> 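Mind looking over this structure? Questions follow.
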Amino acid sequence: MASPVKVLLVEDTRVDAMVLSAMLRKLHCEITMAMNGKESVDLFIEGRKFDIVFCDKDMPIMSGPEAVEKIRAMGESDVKIFGISSNNNAQEVFMSAGADVFVPKPMKFDVLEAMIHELINKKNNTMV
């Protein structure tokens, strides 16, 4: 059986984090939580590896786009980074910071499911 998709969820709003992690658990993802951008960057500095990062935009200490920029600057090009925000102006900020995809909040389960399945299919096709 394929290994679970490793997800880093960077979200400072408890309700949003609970909703998204419940959806991710339904999709059999292994979830690591970070409360702000700095915590997420620290996990990469520690050498942790993730398949996907879901990163909120506005957080204390370090914003999502700042964290995305730092993670990319560390040479983390394989991880798929999703910028998430209820702010419509966030897409441009995330994309220029190095995110792969922008998803508006609230995230819909079918959208999330499609993204996870696409990643799993790519993972399975590249593993020999």
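All values reported here derive from a predicted model rather than from experimental measurement.
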> Is it true that a side-chain atom of Ser85 and a backbone atom of Asn87 form a donor plus acceptor pair closer than 3.5 Å?
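Answer holds: yes.
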> Between Ile31 and Ser21, which heavy-atom pair has the shortest distance, and what is it?
CD1-O, 3.4 Å
> Yes or no on side-chain contact (heavy atoms from CB on, under 4.5 Å) for Leu112 and Val103, after CA distance, side-chain angles and deciding distance?
CA-CA 9 Å; Leu112 184 65; Val103 185; over 6 Å; no
> Are Glu11 and Met33 side-chain neighbours, meaning at least one heavy-atom pair lies under 4.5 Å?
no
> Between Val7 and Val15, is there a shared hydrophobic cluster once you connect ILVMFWY residues whose side-chain heavy atoms come closer than 4.5 Å?
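Yes, it is one cluster - the side chains of Val7 and Val15 are joined through contacts under 4.5 Å.
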> Please give me the minimum heavy-atom distance between Ala97 and Val68, naming the atom from each residue.
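Heavy atoms only, the tightest pair is O-CG1, 3.5 Å.
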> Using only atom types and a distance under 3.5 Å, with no angle test, would you say the side chain of Asp100 pairs donor to acceptor with the backbone of Ile81?
yes
> State whether the side chain of Asp51 and the backbone N or O of Lys6 hold a donor-acceptor pair below 3.5 Å, judged by distance alone.
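Side chain of Asp51 to backbone of Lys6, a donor-acceptor pair under 3.5 Å: yes, one is there.
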> Return the minimal non-hydrogen interatomic distance between Gly83 and Ala99, and the atom names on each side.
N-CB, 4.3 Å
> Is there a donor-acceptor pair under 3.5 Å between the side chain of Arg25 and the backbone N or O of Cys29?
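Side chain of Arg25 to backbone of Cys29: no pair is present.
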> Do Phe44 and Phe82 belong to the same hydrophobic cluster, where Ile, Leu, Val, Met, Phe, Trp and Tyr are linked whenever their side-chain heavy atoms lie under 4.5 Å apart, directly or via other members?
no
> Going by heavy atoms in the side chains, are His28 and Val5 under 4.5 Å from each other?
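Sidechains of Val5 and His28: no contact.
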> Out of curiosity, does Phe109 fall in the hydrophobic cluster containing Met115 (side-chain heavy atoms, cut-off under 4.5 Å, transitive links)?
yes
> Hey, does Met62 have a side-chain heavy atom less than 4.5 Å from the side chain of Lys70?
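Answer yes - side chains close enough.
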> When you compare the side chain of Lys80 with that of Leu119, does any pair of heavy atoms fall below 4.5 Å?
yes
> Is there a donor in the side chain of Thr32 and an acceptor in the side chain of Arg48, or the other way round, less than 3.5 Å apart?
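Yes, because at least one side-chain N or O of Thr32 sits under 3.5 Å from a partner of the opposite role on Arg48.
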> Would Val79 and Arg72 count as a side-chain contact (heavy atoms from CB on, under 4.5 Å) if you check the C-alpha gap in whole Å, the side-chain angles of each, and the deciding distance to 0.1 Å?
CA-CA 9 Å; Val79 65; Arg72 290 296 190 220; 3.6 Å; yes
> Could you check whether Glu113 pairs with Lys108 (Lys NZ or Arg NE/NH1/NH2 to Asp/Glu carboxylate O, under 4.0 Å)?
no
> I'd like to check Ile84 versus Phe94 (side-chain heavy atoms, cut-off strictly below 4.5 Å). Are they in contact?
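When only atoms from C-beta onward are counted, Phe94 and Ile84 do not touch, as no gap falls below 4.5 Å.
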> Would you check if Met107 and Phe54 make a side-chain contact, meaning some heavy-atom pair closer than 4.5 Å?
yes
> Nearest heavy-atom pair of Ser40 and Ile71: which atoms, and what distance?
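That closest heavy-atom pairing would be OG-CD1, 4.1 Å.
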> If you draw a 6.0 Å radius around CG in Asp78, do more than 12 non-hydrogen atoms from other residues or ligands fall strictly inside?
no
> Listing request: all side chain to side chain donor-acceptor pair (under 3.5 Å) pairs with a residue in residues 53-64, at least two apart in sequence or in separate chains.
Asp56-Lys105, Ser63-Glu66
> The test is salt bridge (Lys or Arg N to Asp or Glu O under 4.0 Å); show your working for Lys122 and Glu118 and say whether it passes.
CA-CA 6 Å; Lys122 275 192 187 142; Glu118 182 187 329; 3.1 Å; yes
> Phe102, Val53: one ILVMFWY side-chain cluster at the under-4.5 Å cut-off?
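Yes, because Phe102 and Val53 connect within a single hydrophobic cluster, where side-chain heavy atoms sit under 4.5 Å apart.
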> Take Asn36 and Val10 through the test side-chain contact (heavy atoms from CB on, under 4.5 Å) and record every step on the way to the result.
CA-CA 6 Å; Asn36 59 58; Val10 192; 5.7 Å; no
> Indicate, with yes or no, if Met23 and Val101 share a hydrophobic cluster defined by side-chain heavy-atom contacts under 4.5 Å among Ile, Leu, Val, Met, Phe, Trp and Tyr.
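Linked, Val101 and Met23 end up in one cluster.
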